[in-house]
J.: 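Dropping a structure here in structure tokens format, bear with me for questions.
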Amino acid sequence: MNTKRLFLAALLIAMSALMVSCAQATPVYAEGAEKDAVAAAVEPYAQNILDGIRTLDYGLFSSNFDDTMKTAITPEQFDKITTASFSGVGAFKGMELTNVTVAGGYYRANYTLTFENKVVIMGVVVPMEGMDAVSGLWFN
């Protein structure tokens, strides 16, 4: 019985250590001219997403999505996003680029969206090659 407990404790410690090390992966940030180029390319996309949310206009919200994103975020999903993340946020106060991260052939431009009652972080993902469409979108 003690051997089983010792094994279980060791297993739990190992799993905890693994989870902590994975959670603390150091992000890589775009800086200087690279960051500026990503910001210039992504800003109109981010603005369309935000304006689409604020006006409940799915067409505007998804206007810069690639085909995969349009399939993943349907009008029904859009309704859920606006209800879950944006109901009761109050008046819009501003949008500011927080940073740009680089991972796996993609840029993620992170914006701080400030509303009267809530601050929301929006991550807009575009491919490094071309930056011609939104390939991912996150809200925290």
Side-chain angles (χ1 to χ4, degrees):
M1 186 73 136
N2 285 338
T3 306
K4 287 183 182 180
R5 286 186 183 177
L6 183 60
F7 175 75
L8 183 57
L11 181 62
L12 289 173
I13 290 170
M15 288 175 58
S16 297
L18 179 63
M19 288 171 43
V20 167
S21 67
C22 289
Q24 294 180 354
T26 305
V28 176
Y29 295 100
E31 299 292 339
E34 181 182 27
K35 178 183 176 184
D36 294 343
V38 174
V42 176
E43 178 102 16
Y45 305 160
Q47 192 63 57
N48 285 344
I49 292 166
L50 177 60
D51 290 346
I53 289 168
R54 292 176 55 212
T55 61
L56 301 177
D57 182 343
Y58 175 77
L60 181 58
F61 169 81
S62 63
S63 62
N64 303 109
F65 287 3
D66 64 15
D67 291 339
T68 302
M69 283 292 295
K70 286 181 182 174
T71 301
I73 302 182
T74 63
E76 294 77 23
Q77 292 294 93
F78 172 71
D79 291 342
K80 290 178 184 177
I81 290 168
T82 57
T83 301
S85 298
F86 293 93
S87 86
V89 296
F92 178 69
K93 300 290 184 181
M95 177 175 80
E96 181 180 347
L97 179 67
T98 307
N99 57 44
V100 174
T101 58
V102 181
Y106 293 88
Y107 291 113
R108 178 176 169 170
N110 297 296
Y111 292 89
T112 300
L113 307 178
T114 304
F115 296 89
E116 188 174 52
N117 301 323
K118 188 176 181 181
V119 173
V120 177
I121 304 301
M122 176 175 71
V124 180
V125 178
V126 295
M128 291 176 80
E129 294 297 321
M131 293 186 279
D132 55 351
V134 175
S135 299
L137 179 64
W138 282 267
F139 295 101
N140 295 331

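Note: hydrogens, waters and symmetry copies are ignored here, and every other heavy atom, side chains too, is used. In this chain, residues are counted from 1 in sequence order.
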J.: Can you measure from CD (Q47) to CG (N64) and round to the nearest 0.5 angstrom?
T.: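 Nearest 0.5 Å value for the CD-CG distance: 11.0 Å.
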J.: For the atom pair OH (Y107) and NZ (K35), what is the distance rounded to the nearest 0.5 Å?
T.: 13.0 Å
J.: Please list every donor-acceptor pair under 3.5 Å in which a side-chain atom of residues 117-130 meets a protein atom from a residue at least two apart or in another chain.
T.:
from, atom 1, to, atom 2, distance (Å)
N117, ND2, G88, O, 3.2

J.: Once you round to the nearest 0.5 Å, how far does CD1 of I81 lie from CD1 of I49?
T.: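 That separation rounds to 9.5 Å.
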J.: Restricting to non-hydrogen atoms, name the atom on V134 and the atom on M69 that form the minimum distance, rounded to 0.1 Å.
T.: O-CG, 3.2 Å
J.: Mind listing the closest non-hydrogen atom pair of L60 and D57 along with its distance?
T.: N-OD1, 3.1 Å
J.: Find the distance between OG1 (T68) and CD1 (I73) and round it off to the nearest 0.5 Å.
T.: 11.5 Å
J.: Within this structure, what is the CG-CG distance for the pair L56 and D79, rounded to the nearest 0.5 Å?
T.: 8.0 Å
J.: In Å and rounded to the nearest 0.5 Å, what is the OH to NZ distance from Y58 to K70?
T.: 7.5 Å
J.: Scan residues 131-140 for pairs that pass side chain to side chain donor-acceptor pair (under 3.5 Å), counting only residues two or more places apart or in two chains.
T.: D66-S135
J.: In terms of relative ring orientation, are F61 and F78 parallel, tilted or perpendicular, with 30° and 60° separating the classes?
T.: tilted
J.: A side-chain contact here means heavy atoms from C-beta on lying under 4.5 Å apart; do Y111 and E43 qualify?
T.: yes
J.: Kindly state each residue pair satisfying side chain to side chain donor-acceptor pair (under 3.5 Å) with at least one member in residues 87-101, sequence neighbours excluded.
T.: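 Found T98-T112, N99-N110.
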